[in-house]
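Hydrogens, waters and symmetry mates are skipped; everything else that's a heavy atom, side chains included, is used. Please read all numbers here as calculations on a predicted model, not as lab measurements.
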Amino acid sequence: MLNHATINTMDTESHGKPIKRPSTLKHNKQSFWQIFFPMIIFILIILALCILIVMNASSDTGQNQHFANISTMYLLIPPLLFTLPIIGILIALIYFISKIFPYITKYGALIQEKLAMVREMLTKGMDTVSQPFISLPAYYSSAKTLISEIQKGLRRFTHYE
């Protein structure tokens, strides 16, 4: 089993310099030519174009308008490309809805009928369930009022002023 000390000695020579393995050298060479070199070339091309545009900037508004139109076109390309899938999904949804529209009207009326029946049954059921909670307090309140009125009447008869 390798410990930390043996791993460090494997990566370095005896005097502390790292070992240059062929795979590491190949990786460094490939990463330069496949990643960094194309980026440097692209940055140089963009810088050259910017320098040419600045050097050729004149008071001619036609040429400036031309470059403004080109830059606007390049600025609008990425948002347009990002909206293509959304437009495709919307077109597919419109197509599917147009295909199922005849079925929607026929079965929609049937579903609406059944839902009205369910709503009516639920209303009746809820009225039946809530009836004790409404009628019992109402009977209690009316009985309380009747008793208090009888008591008031009896007081009138017993208290002569």
Worksheet item: Are any side-chain N or O atoms of Thr24 and backbone N or O atoms of Lys20, one a donor and one an acceptor, separated by less than 3.5 Å?
Response: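 Side chain of Thr24 to backbone of Lys20, a donor-acceptor pair under 3.5 Å: no, none is there.
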If every non-hydrogen atom of [X] is compared with every non-hydrogen atom of [Y], which pair is closest and at what distance?
{"X": "Ser98", "Y": "Pro102", "value": "O-CD, 4.0 Å"}
{"X": "Pro137", "Y": "Pro132", "value": "CD-O, 3.7 Å"}
{"X": "Asn28", "Y": "Ser31", "value": "O-OG, 2.9 Å"}

Item to complete: For Gln30, look at atom CD and say whether over 12 heavy atoms of other residues, nucleotides or ligands are found less than 6.0 Å away.
Response: yes
Worksheet item: Within a radius of less than 6.0 Å around CE of Met126, do more than 12 heavy atoms belonging to other residues, nucleotides or ligands occur?
Response: no
Test of understanding: with side-chain contact (heavy atoms from CB on, under 4.5 Å), list the residues that count as partners of [X], not counting sequence neighbours.
{"X": "Ile91", "answer": "Ile87"}
{"X": "Ile86", "answer": "Leu90"}
{"X": "Leu122", "answer": "Val118"}

Straight-line distance of [X] [atom1] to [Y] [atom2], nearest 0.5 Å:
{"X": "Ile147", "Y": "Lys144", "atom1": "CD1", "atom2": "NZ", "result": "10.0 Å"}
{"X": "Leu146", "Y": "Gln151", "atom1": "CG", "atom2": "CD", "result": "10.0 Å"}
{"X": "Ser71", "Y": "Met73", "atom1": "OG", "atom2": "CE", "result": "9.0 Å"}
{"X": "Thr105", "Y": "Leu110", "atom1": "OG1", "atom2": "CG", "result": "11.5 Å"}
{"X": "Met39", "Y": "Leu44", "atom1": "CE", "atom2": "CG", "result": "11.5 Å"}
{"X": "Ile94", "Y": "Ile89", "atom1": "CD1", "atom2": "CD1", "result": "12.0 Å"}

Discussion item. Just to verify, what does Asp127 make a side chain to side chain donor-acceptor pair (under 3.5 Å) with, not counting sequence neighbours?
Written reply: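 Scan of Asp127 (side chain to side chain donor-acceptor pair (under 3.5 Å), adjacent residues dropped) gives none.
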Worksheet entry | Within residues 23-44 or reaching into it, pairs that qualify as ring pair (Phe, Tyr, Trp, His ring centres under 6.0 Å) - sequence neighbours excluded | Trp33-Phe37
Fill in: Pairs involving residues 80-121, ordered by first then second residue, that meet ring pair (Phe, Tyr, Trp, His ring centres under 6.0 Å) (sequence neighbours left out)
none
Item to complete: Apply the test side chain to side chain contact (heavy atoms under 4.5 Å, CB included) to residues Ile46 and Cys50: give CA-CA distance (whole Å), side-chain angles for both, the deciding distance (0.1 Å), then the verdict.
Response: CA-CA 6 Å; Ile46 296 297; Cys50 290; 4.2 Å; yes
Discussion item. With a 4.5 Å cut-off on side-chain heavy atoms, are Ile41 and Ile45 touching?
Written reply: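 Side-chain contact under 4.5 Å: yes.
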